*Asks:* 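Pasting a structure below so you can have a look.
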Amino acid sequence: MGKSHKSILAALVAFAVVGGLSLFGAAGAQAALKTVDINTCYQCHDNIKQFHTGGKHAGINCGYCHSETDQHLRSPMNKPVTSVDQRTCGQCHAEQFNSMLQVNWDREAKHEKASPTGRTSRYDYLMKPHGFTKEHAEPRSHVFMLVDHLLVDRGYGGRFQLKSWELIGDAAAAQRSAWEVLYDVEPQTNNQKAFQQQTATAANPVCMFCKSQDNILNWAYMGDPHPKAKWDRTSNVVDFARSLTHALNCFTCHDPHSTQPRITRDAQIQAIVDRGEGTYPYDPEKSKRITVEKVEFRDGYRAIGLLSQPDSTMMCAQCHVEYNCNPGIDAATGERVTMADQRTNLMQWSNVFDYNRRMYEDFKFIDFRNAVTGADQMKLQHPEAETFWGSKHERAGVECKDCHMPQMVSKAGVKYTSHLQTSPRYHGMENTCLRCHTDWSADRALYTIGSVKAYIRGKINKTEFWLAELIDTFVRAKDMGVPESVLAEARKHHTEANTHWEWWVAENSDGFHNPEAARKSLTHSMTESQKGIKLLNDAIEERRKAVAKLR
């Protein structure tokens, strides 16, 4: 063992003892840390050798992250256990790990968007019968991602429940295992069903790949069925959920062998590389500067995307993006699209203004139909990345990390990137906004942020009013016997208006990431609703005249 390697080992052991962290991996306590002959590993894993020897982790032995290697060396069929626990990385990266465990106490759990004080008071009316009407809550920080997903009323019919409400803010327990916080109401079964009233069973394996990548080694590229894969898009969702322990693993964004910045979400790699749309599809020059190299493993079984340079917007876009993760309807044939179809693991990689066109023309996919009008509707997720594209901040070179995961200094004077992803308010204006707006006060920064959000929230509320008016007018028109041709035309207006409203409900900044685009899109929605209302009211009046003549 070389001198540098001994130093690293000593530091790890000291940190584990002083910090109270386990020196062992996520799979459970091992008898002892067992190093291996790295050159033996390289004989088979030559692609890993290229990553490892040229990176900052070159002095880290494989045994730090992989256990049960003796059995693997005896027979390659015996796979080693790979740690997926953030504590493994936290043994060296203490500041980053500890910051991930911080809780923003101003950001409560279970804060419904569809409430009088939420982002959208009319959500349930406008989106029925979609499962999101059962619960659509504001997000919390990354450490709670898996717990909150398993607990949400729309996901598993209430199968997974809190052991105690006292655990809802226990970040350390959530990090160690979601199952320290939650329990399974019916562990002897694995069927998706309602255990409580007013719940839905909308979860599937794809939607969980944002919450945790514990199964990264057991999932083929795009979630396709594969002999080497334990799981795929059609796997039993309850079994898949039970197999997960940790939220947002470190290796989602950081290559564990080289420490290079990377992306692991297969649908994003598909959009950027396979479809050739680039990292910034509306900025070809930036796409040339910031590229993704697709690296395949095991003959294409798995793939990662190496970034040519660190870009937190691309890393965050693995999850903070609009994507398909559910069955739907084929827009061309009207047939049901099941999880067997690769379109159920899809990043559209489009801004709001091109979104409907791409869904109809490029992907031929719609999510569901409105319960009242029957209009085609696209269920938006959380399109922060696409919203940010083209904004003043993005054009100025700002990235997600600058506001949500800024550079901090620990009490010991160590500089590090905060891994508590939350509002810049919580990090302190001096660490976020005031680093660029040097002539501002913290009060002015907060005032500006609040003013933008207030303006866009007002537009969201006005947009909801006109969407509700369109739906109500549609009902009157149908009751009056207005011709189907007119109703069909009104449905097109409804589809367009709904997308340009729900985009900003799903996007979690109240439009702050791009207020100019938010205003343009929301007022477009209002205009589309008003066009549909006029169309229907004109047809209602014609129908009244026709009925009057018959009298």
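The structure displayed is predicted, hence computed values, not measured ones.
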*Asks:* Do Trp503 and Thr387 have side-chain atoms, one donor and one acceptor, less than 3.5 Å apart?
*Replies:*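 Yes, side-chain donor-acceptor contact under 3.5 Å.
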*Asks:* So does Gly118 get a backbone contact from the side chain of Glu112, meaning a donor-acceptor N/O pair under 3.5 Å?
*Replies:*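 Answer holds: no.
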*Asks:* Evaluate the side-chain proximity of Arg265 to Gln213: yes if any heavy-atom separation is below 4.5 Å, no if none is.
*Replies:*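 The answer is yes; the side chains approach within 4.5 Å.
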*Asks:* Please verify the inter-ring angle class for Phe209 with Phe240; under 30° counts as parallel, over 60° as perpendicular, anything in between as tilted.
*Replies:*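 The rings of Phe209 and Phe240 sit tilted, inter-plane angle from 30° to 60°.
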*Asks:* Less than 4.0 Å between a side-chain N and a carboxylate O, is that true for Lys128 and Asp124?
*Replies:*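 Lys128 and Asp124: not salt-bridged.
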*Asks:* With distance as the sole criterion, is a donor-acceptor pair present between the side chains of Ser521 and Trp504 under 3.5 Å?
*Replies:*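 Indeed, the side chains of Ser521 and Trp504 share at least one donor-acceptor pair under 3.5 Å.
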*Asks:* Is the distance between the ring centroids of His136 and Tyr123 under 6.0 Å?
*Replies:*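 Centroid separation for His136 and Tyr123: below 6.0 Å.
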*Asks:* Do the non-hydrogen side-chain atoms of Met429 and His437 ever get within less than 4.5 Å of each other?
*Replies:*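 With C-beta onward as the side chain, the pair stays apart.
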*Asks:* Give a yes-or-no answer on whether the side chains of Ser243 and Asn215 include a donor-acceptor pair shorter than 3.5 Å.
*Replies:*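 Checked: Ser243/Asn215 side chains pair up, N/O donor to acceptor below 3.5 Å.
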*Asks:* Between the side chains of Arg159 and Thr201, does any donor sit under 3.5 Å from an acceptor?
*Replies:*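 No - no donor-acceptor pair under 3.5 Å links their side chains.
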*Asks:* Distance check, rounded to the nearest 0.5 Å: Asn537 atom CG versus Gln530 atom CD?
*Replies:*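 The CG atom of Asn537 sits 11.5 Å away from the CD atom of Gln530.
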*Asks:* Does the cation-pi check pass for Arg107 over Phe144, that is, NZ or CZ under 6.0 Å from the six-membered ring centre and within 45° of its axis?
*Replies:*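 No, a cation-pi geometry is absent between Arg107 and Phe144.
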*Asks:* Decide whether Gln196 and Thr199 meet the rule of one side-chain donor and one side-chain acceptor closer than 3.5 Å.
*Replies:*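 Their side chains do not contain a donor-acceptor pair, so the 3.5 Å distance test is not met.
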*Asks:* Report yes or no: does Asn204 contribute a side-chain atom to a donor-acceptor pair with the main-chain N or O of Cys207 at less than 3.5 Å?
*Replies:*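 At least one qualifying donor-acceptor pair exists.
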*Asks:* Could you tell me if the side chain of Val352 sits less than 4.5 Å from the side chain of Glu386, heavy atoms only?
*Replies:*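 A side-chain contact is absent here, since even the closest heavy-atom pair is not under 4.5 Å.
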*Asks:* Looking only at atom types and distance, does a side-chain atom of Arg122 sit under 3.5 Å from a main-chain N or O of Glu464, one as donor and one as acceptor?
*Replies:*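 Side chain of Arg122 to backbone of Glu464: no pair is present.
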*Asks:* Under 3.5 Å, is there a donor-acceptor pair between the His111 and Glu138 side chains?
*Replies:*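 Glu138 and His111 do not have a side-chain donor-acceptor pair below 3.5 Å.
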*Asks:* Looking at side-chain heavy atoms only, is the closest gap between Ile290 and Thr313 below 4.5 Å?
*Replies:*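 No, too far: nothing below the 4.5 Å cut-off.
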*Asks:* Any donor-acceptor pair under 3.5 Å linking the side-chain atoms of Asn249 with those of Asp214?
*Replies:*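 A donor-acceptor contact under 3.5 Å links the two side chains.
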*Asks:* Would you mind telling me which of Val237, Asp232, Thr344 makes a side-chain contact (heavy atoms from CB on, under 4.5 Å) with Met339?
*Replies:*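 Answer to the side-chain contact (heavy atoms from CB on, under 4.5 Å) test with Met339 among Val237, Asp232, Thr344: Thr344.
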*Asks:* Less than 3.5 Å apart, any donor N or O on the side chain of Gln198 or Asp153 sitting next to an acceptor on the other?
*Replies:*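 Not at all, the side chains of Gln198 and Asp153 share no donor-acceptor pair under 3.5 Å.
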*Asks:* Hey, which of Arg358, Met378, Glu322 is the one that makes side-chain contact (heavy atoms from CB on, under 4.5 Å) with Gln348?
*Replies:*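 That would be Glu322.
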*Asks:* Quick one: do the Tyr455 and Arg519 side chains pair a donor with an acceptor below 3.5 Å?
*Replies:*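 A pair is found: one side chain offers a donor N or O, the other an acceptor, under 3.5 Å apart.
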*Asks:* How many angstroms lie between CG in Leu126 and OG1 in Thr133, if you round to the nearest 0.5 Å?
*Replies:*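 These two atoms lie 11.0 Å from each other.
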*Asks:* I want to check something: taking the side chain as every heavy atom from C-beta on, are Asn370 and Phe474 in contact at a cut-off of under 4.5 Å?
*Replies:*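 No. Closest side-chain heavy atoms not under 4.5 Å.
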*Asks:* Quick one: does Thr279's side chain have a donor or acceptor within less than 3.5 Å of a partner on Thr291's backbone?
*Replies:*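 No; judged by distance alone, with no hydrogens or angles, the pair does not exist.
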*Asks:* Is a donor on one side and an acceptor on the other found under 3.5 Å between the side chain of Thr495 and the backbone of Asp376?
*Replies:*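 Present.
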*Asks:* Do Tyr426 and His404 have ring centroids that are under 6.0 Å from one another?
*Replies:*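 For His404 and Tyr426, the ring centres are not under 6.0 Å apart.
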*Asks:* Decide yes or no for Asn324 and Phe363: does some side-chain heavy atom of the first lie under 4.5 Å from some side-chain heavy atom of the second?
*Replies:*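 Asn324 vs Phe363: side chains apart.
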*Asks:* Does one side chain, of Tyr156 or Asp184, offer a donor that lies under 3.5 Å from an acceptor on the other?
*Replies:*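 The answer is no; no qualifying pair exists.
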*Asks:* Relative to Phe132, does Arg154 satisfy both conditions: NZ or CZ under 6.0 angstrom from the six-membered ring centre, and within 45 degrees of the ring's axis?
*Replies:*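 Yes; both conditions hold, so Arg154 lies above the ring face of Phe132.
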*Asks:* For Lys462 and Met526, indicate whether the former's side chain and the latter's backbone hold a donor-acceptor pair under 3.5 Å.
*Replies:*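 Here the side-chain-to-backbone pair does not exist.
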*Asks:* For residues Thr264 and Gln318, is any side-chain donor paired with an opposing acceptor at under 3.5 Å?
*Replies:*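 The answer is yes; a qualifying pair exists.
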*Asks:* If you round to the nearest 0.5 Å, how far is CZ of Phe388 from CD of Glu394?
*Replies:*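 Here the interatomic distance stands at 6.0 Å.
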*Asks:* Without swapping roles, check the side chain of Asp402 against the backbone of Glu399 for a donor-acceptor pair under 3.5 Å.
*Replies:*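 Such a contact is found between Asp402 side chain and Glu399 backbone.
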*Asks:* Does any non-hydrogen side-chain atom of Lys110 lie less than 4.5 Å from one of Glu135?
*Replies:*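 Heavy-atom side-chain distance check passes, below 4.5 Å.
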*Asks:* About how many Å separate CG of Asn326 and CG of Asn345, when rounded to the nearest 0.5 Å?
*Replies:*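 CG of Asn326 is found 11.0 Å from CG of Asn345.
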*Asks:* So Pro205 and Trp219, do their side chains get closer than 4.5 Å, heavy atoms only?
*Replies:*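 Yes, close enough: below the 4.5 Å cut-off.
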*Asks:* Hey, can you tell me if Trp349 and Trp389 have their rings parallel, tilted or perpendicular (30° and 60° cut-offs)?
*Replies:*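 Rings of Trp349 and Trp389: perpendicular, as their planes differ by over 60°.
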*Asks:* When you look at CD of Glu166, are more than 12 heavy atoms from neighbouring residues, nucleotides or ligands closer to it than 6.0 Å?
*Replies:*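 Incorrect, the count does not exceed 12.
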*Asks:* Would you kindly say whether Glu502 and Gln377 are connected by a side-chain donor-acceptor distance under 3.5 Å?
*Replies:*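 No, no side-chain donor-acceptor contact under 3.5 Å.
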*Asks:* Strictly distance-based, threshold 3.5 Å: is any side-chain N or O of Ser212 a donor or acceptor partner for the main-chain N or O of Ala247?
*Replies:*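 Checking the backbone N and O of Ala247 against the side chain of Ser212, no donor-acceptor pair under 3.5 Å is found.
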*Asks:* Centre-to-centre under 6.0 Å for Trp179 and Phe160, is that the case here?
*Replies:*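 Distance test on ring centres: under 6.0 Å, yes.
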*Asks:* Test Glu507 against His513 for side-chain hydrogen bond (donor to acceptor under 3.5 Å, both in side chains), laying out the working first.
*Replies:* CA-CA 9 Å; Glu507 203 274 339; His513 289 141; 2.5 Å; yes
